[in-house]
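Because the structure is predicted, anything quoted here is derived from the model rather than measured. Just so it is clear: chains get the letters A, B, ... in the order the sequence lines come, proteins before strands, and each one is counted from 1.
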2 protein chains.
Amino acid sequence: MSTLKEIAQYVGVSSASVSIYLNDNATNRISPRTKLKIDEAIKKFKYQRNMFARNLSTSKSNIIGIIFPTIVPMFMNDFTNPILSGVQSRLSANGYAMLFFPSFAGTSSEIAKRQLTASVGCDGYILFSTGFCSLQDILANVQELQNLQKPYVTLNIPELDLPINQVILKDLDSTLGIEYLLGKGFRQILLVLGREKDVHTRSMMKKIPNLLKQRGIPFDDRYVIYGNYTAEDSAKEFSRFLDMGIPVEAICCMSDIMAASITTAIKQSGLSVPEDISVMGRNNSLYSRISDPQLTTMDLHMFEAGQSAANLLFDSLAGGDAKQKVAIAGTIVERKSVPKAGRDSLASRIDHTFSLPACRRHWYSVV
Amino acid sequence: MSTLKEIAQYVGVSSASVSIYLNDNATNRISPRTKLKIDEAIKKFKYQRNMFARNLSTSKSNIIGIIFPTIVPMFMNDFTNPILSGVQSRLSANGYAMLFFPSFAGTSSEIAKRQLTASVGCDGYILFSTGFCSLQDILANVQELQNLQKPYVTLNIPELDLPINQVILKDLDSTLGIEYLLGKGFRQILLVLGREKDVHTRSMMKKIPNLLKQRGIPFDDRYVIYGNYTAEDSAKEFSRFLDMGIPVEAICCMSDIMAASITTAIKQSGLSVPEDISVMGRNNSLYSRISDPQLTTMDLHMFEAGQSAANLLFDSLAGGDAKQKVAIAGTIVERKSVPKAGRDSLASRIDHTFSLPACRRHWYSVV
DNA sequence: CATAGTATGTTAACCGGTTAATATTGGATA
DNA sequence: TATCCAATATTAACCGGTTAACATACTATG
């Protein structure tokens, strides 16, 4: 690669001249004749500017660091992909590149820490948490980010009572779905959760007993199984559940994949959905549409959450000092796996637009 | 953010000392006492090195630029996600970060060009092509990359007769699947392709007539429909096909999503899979396992292709001068949507391991 | 005591750009 | 002719690190 200096030398001007021209080719500080000569030289030497030198000089990189602590490969997750996609679409539209730091084996907090210490220089950051993060990890990561003294936004993280920019999936705890089923009159509801030890799972497990109690339903832990977000495990656990022979009217799953897998299992056992058992998924992913019957599902609006995170970051980058919290509310997408009939106490939350993200934002400033 | 210089000043040493220590904290050029003091200062000021300054100084960034020209959001694609995932897993394992450049609206070649011109400074590059790239675009992108004089690998690109590093999905044209169905004795095969104007689609359409002719089957273009890789379009086009009332024994789809959608449509029309019509998917995605019946599908081994691309890049980064071509062969994953009975001429290509990527690499050097 | 070696640092150039401040030239104007 | 201004270009500091080469003091050795 040739450098600015070489181009300047070749043309017979100072490197400042070339730089000035490159940064504003309509400048009138460089004569048309010189501009032409510079153009020629650039073409001849196939010159392109070194982005890192520019970044250093301007202390602006147009790069947003994505802190995504995971011990499994990225881009394979039905839940985080739409979020990343939302982030990417907004960042791209505003000319920002995304930098994914290496995410080796190890605990998630180690990963995040390494990612952060390697990352100084980005214009801003977006901090994800994945199922592998404990609350403690998350707080440590936030602290670490704080040190960088650059704008950042947290995403897919349980609501924190801190003056930081955060985008919250309001219905991540999925009580929305349970309430929907309760509203339909179901009483014997099987919960198919993800990994037993995840933060999100634990926080759910704290809320559910109360939720049921409010309806006069005693909590019975036999009605909770863990499908680890995989088709295989959820089918396996479900069959074990069936073997117990306890009655079930509806199933609320923490992912469409698990819901689809269980739907198949139900059909294979000779029962039918929703006549015998109702099934509810989560994510409004393609799986929910391809499943037969099509799944009624919770749409947490992840894509939009990703977009919001990027938007929040833009506010911050533009100098907005107020830290904001954006809560994205989930909606229910009614399809065929839960009968429409029945008392319906959540009408306002039901999204009849099928699949277009119907966004409901609740903005409120924190500090 | 504090800087190296500030830390050095605070400790009372030269910035070189601090730098030397940071780059090798086991160095014996710095006394234990000084090391301690530096540690304290770093902790006190929460100092972290600026990555861009380091990159500039060392002319090594540990960043790989991902050139991914697309006009739709990334990370939403069932085909490219596993490839990206494979790339990411290898890059991460070797300590490399991934930089995704902004990908605005516009033609894919514009996008790639902008991505490239903004990217000088990465240690290496991986060039994707997406459905939006024409062959001409691809060649232009390769040329552009060549100018950067850095190692790069092309991926998901039709085989090019150029001395460059390329990873090829050997069975991207999916004749593998058609041959499999032909081998089973099917004659009336409906092809469900993606977008009519994609490079890949066009290159397929060139090969298919010959393929059929070899078996004595005349090519009939009514047996080709375009599902645009979506569940909706493929269902719609398939129903239009059914309306034509021409006989069909088997369906070969260019994605599991389309196959799953069509499987549902078949069932809804009162026919059954595979008794009445066989259906074959592509990608061995989760969709193929969740579909009912589970889909027989082509596994192109995209994850592994991604890994190979990263590996090739490592070879190049390590100074390997020989340009390599890696062809990843596809395999057939037999499930339930095509009956097992029948003549089977492709036994060696059938993968009975269900879903673990059974890799078959064919290495050969080009130059 | 002279010499070599070790431990501990420092100097200064460099990576490849950007930019505020300054310089030069020539033509227009009073 | 003196003055001013526009057009064009350069100088030099700076961004925040890295590193080869050099410097100094102290210890060990013959």
Side-chain angles (χ1 to χ4, degrees), chain A residues 1-39 41-42 45-63 117-123 148-150, chain B residues 1-39 41-42 45-63 117-123 148-150:
Chain A
M1 275 316 293
S2 47
T3 67
L4 235 203
K5 213 171 284 178
E6 287 166 24
I7 297 294
Q9 240 160 38
Y10 179 81
V11 174
V13 293
S14 73
S15 58
S17 295
V18 179
S19 178
I20 288 164
Y21 171 48
L22 283 176
N23 284 316
D24 172 19
N25 50 7
T27 184
N28 54 8
R29 291 180 55 187
I30 309 294
S31 73
R33 244 176 58 86
T34 307
K35 284 182 182 180
L36 269 176
K37 287 204 279 181
I38 294 175
D39 280 337
I42 285 176
F45 293 106
K46 289 166 186 165
Y47 169 73
Q48 318 224 139
R49 276 179 294 189
N50 180 308
M51 72 181 297
F52 297 134
R54 285 197 89 189
N55 295 350
L56 189 56
S57 210
T58 57
S59 40
K60 174 108 174 65
S61 66
N62 290 308
I63 294 178
T117 57
S119 74
V120 180
C122 293
D123 291 345
L148 257 40
Q149 297 179 25
K150 291 275 187 179
Chain B
M1 277 311 296
S2 46
T3 66
L4 235 203
K5 213 171 283 177
E6 286 166 25
I7 297 295
Q9 238 160 37
Y10 179 81
V11 174
V13 293
S14 72
S15 58
S17 295
V18 179
S19 178
I20 288 164
Y21 171 49
L22 283 177
N23 283 316
D24 172 19
N25 51 6
T27 183
N28 54 8
R29 290 179 54 188
I30 309 294
S31 73
R33 244 175 59 86
T34 307
K35 284 183 182 180
L36 269 178
K37 286 204 280 181
I38 293 175
D39 279 338
I42 285 176
F45 293 106
K46 289 166 185 164
Y47 169 71
Q48 317 223 140
R49 276 179 293 189
N50 180 306
M51 71 180 300
F52 298 134
R54 285 195 89 190
N55 294 350
L56 188 57
S57 211
T58 57
S59 40
K60 173 108 174 66
S61 66
N62 289 309
I63 294 177
T117 57
S119 76
V120 180
C122 293
D123 292 346
L148 257 40
Q149 298 179 25
K150 291 276 187 178

Under the 3.5 Å rule, do the base of [N] and the side chain of [X] count as making a donor-acceptor pair?
| X | N | answer |
| --- | --- | --- |
| A/Arg49 | C/dT18 | no |
| A/Arg29 | D/dT10 | yes |
| B/Thr3 | D/dG16 | no |

Atom-to-atom span, [atom1] of [X] to [atom2] of [N] - whole angstrom:
| X | N | atom1 | atom2 | answer |
| --- | --- | --- | --- | --- |
| A/Lys5 | C/dC15 | NZ | C1' | 9 Å |
| B/Leu56 | C/dC15 | CG | P | 9 Å |
| B/Arg54 | C/dG17 | CZ | C1' | 20 Å |
| A/Asn28 | D/dA6 | CG | C1' | 9 Å |
| B/Lys60 | C/dG16 | NZ | C1' | 18 Å |
| A/Glu6 | C/dG16 | CD | P | 8 Å |
| B/Leu4 | C/dT10 | CG | P | 13 Å |
| B/Asn50 | D/dG16 | CG | P | 7 Å |

Next on the checklist: Restricting to side chain to side chain contact (heavy atoms under 4.5 Å, CB included), what partner residues turn up for A/Lys150, sequence neighbours left out?
Outcome noted: A/Tyr125
Next on the checklist: If you count every heavy atom of other residues, nucleotides or ligands that lies below 6.0 Å from A/Lys5 atom NZ, does the total exceed 12?
Outcome noted: no
Next on the checklist: Atom CZ of residue position B/Phe45 - does it have more than 12 heavy atoms of other residues, nucleotides or ligands inside 6.0 Å?
Outcome noted: yes
Kindly compute the distance separating [atom1] ([X]) from [atom2] ([Y]), expressed to the nearest 0.5 Å.
| X | Y | atom1 | atom2 | result |
| --- | --- | --- | --- | --- |
| B/Ser14 | B/Gln9 | OG | CD | 11.5 Å |
| B/Ile20 | B/Arg29 | CD1 | CZ | 3.5 Å |
| A/Met51 | A/Thr58 | CE | OG1 | 10.0 Å |

Next on the checklist: Does B/Asn23 form a side-chain hydrogen bond (donor to acceptor under 3.5 Å, both in side chains) with B/Arg54? I'd like the steps, not just the answer.
Outcome noted: CA-CA 11 Å; B/Asn23 283 316; B/Arg54 285 195 89 190; 2.8 Å; yes
Next on the checklist: Could you report the tightest heavy-atom contact between B/Ala41 and B/Val11, atom names first, then the distance?
Outcome noted: CB-CG2, 3.6 Å
Checklist entry - Looking at B/Tyr47 and B/Ser2, what are the two nearest heavy atoms and their distance? => result CD1-O, 3.3 Å
Checklist entry - Going by heavy atoms in the side chains, are B/Val18 and B/Val13 under 4.5 Å from each other? => result yes
Checklist entry - Has B/Thr58 got a side-chain N or O lying under 4.0 Å from the OP1 or OP2 atom of D/dT19? => result no
Checklist entry - Taking only N and O in the side chain of A/Thr34, is any of them less than 4.0 Å away from OP1 or OP2 of D/dA9? => result yes
Next on the checklist: Within residues 14-25 of chain B, which residues have any heavy atom lying less than 4.0 Å from an atom of DNA chain D?
Outcome noted: B/Ala16, B/Ser19, B/Ile20, B/Asn23
Checklist entry - At under 4.0 Å between heavy atoms, what does A/Ile30 touch on the DNA or RNA strands: base, sugar-phosphate, or nothing? => result sugar-phosphate
Next on the checklist: Measuring from the side chain of B/Pro32 (C-beta onward, heavy atoms only), which nucleotide among C/dT18, D/dT10, C/dT8 has the closest atom?
Outcome noted: C/dT8
Item to check | Helical bend (five base pairs per end, nearest 10°) for the helix from C/dC1-D/dG30 to C/dA30-D/dT1 | outcome: 60°
